[in-house]
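What follows is one structure encoded as structure tokens, with my remarks underneath.
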Amino acid sequence: MRRNCFGFDLMIVDYVQLIEPREKRGGENRVQEIDSILKQLRAIAKQFNCAVLGFAQLKREVDSRSQKRPTKADFRESGGFEQGTAVMLGLYREDYYDKQTTQKGIFEVSVLKSRFSSDTNFV
């Protein structure tokens, strides 16, 4: 019999960095804590046979550079995310940065990391 997330096939975590690890270990840095949190989320996904979608904050440095499209390194505590996720997506909206663009209301989704396929972009 299939167990799922309380009757749902998808669990969404808004802002992964706000989650505190179950157990605080002395000397552990935030990247290690994020890694621990992601392991716990993967365990939940496996136990309840559901997908887990987590949203994460980007570093502010994205706004200060010319190329605004997010990269893996732009995720706060990025080492934990790069190691602990199966898929990383980056969202980009041209009209957020350039009010004169003709690309209003359109956003790109970039596959920054995928254990299941190659990295790619789509609109």
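Taking both residues in full, the closest heavy atoms of P70 and G90 are given as CG-CA, 3.7 Å, listed atom of the first, atom of the second, then distance. The two atoms that bring V16 and G54 nearest to each other are CG2-CA, 3.7 Å, heavy atoms only. The shortest heavy-atom contact between A86 and F116 is CB-CE1, 3.7 Å. Between V13 and V52, the shortest heavy-atom distance links the atoms CG2-CG1, 4.2 Å. Minimum interatomic distance between R65 and K68 (heavy atoms only, all atoms of both residues): O-NZ, 2.7 Å.
Shown here is Y96, whose OH atom has no more than 12 heavy atoms of other residues, nucleotides or ligands within 6.0 Å. Environment of CD in Q67: crowded, with over 12 heavy atoms of neighbouring residues, nucleotides or ligands closer than 6.0 Å.
Two residues are said to be in side-chain contact when any heavy atoms from C-beta on lie closer than 4.5 Å; T101 and I106 fail this criterion.
For R115, there are no side chain to side chain donor-acceptor pair (under 3.5 Å) partners, not counting sequence neighbours. In this structure E20 satisfies the side chain to side chain donor-acceptor pair (under 3.5 Å) test together with K24, sequence neighbours excluded.
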(request) Test L112 against L89 for side chain to side chain contact (heavy atoms under 4.5 Å, CB included), laying out the working first. (result) CA-CA 5 Å; L112 304 175; L89 302 175; over 6 Å; no
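Applying the salt bridge (Lys or Arg N to Asp or Glu O under 4.0 Å) test to every pair with at least one member in residues 86-103, sequence neighbours left out, gives these pairs: R93-D95.
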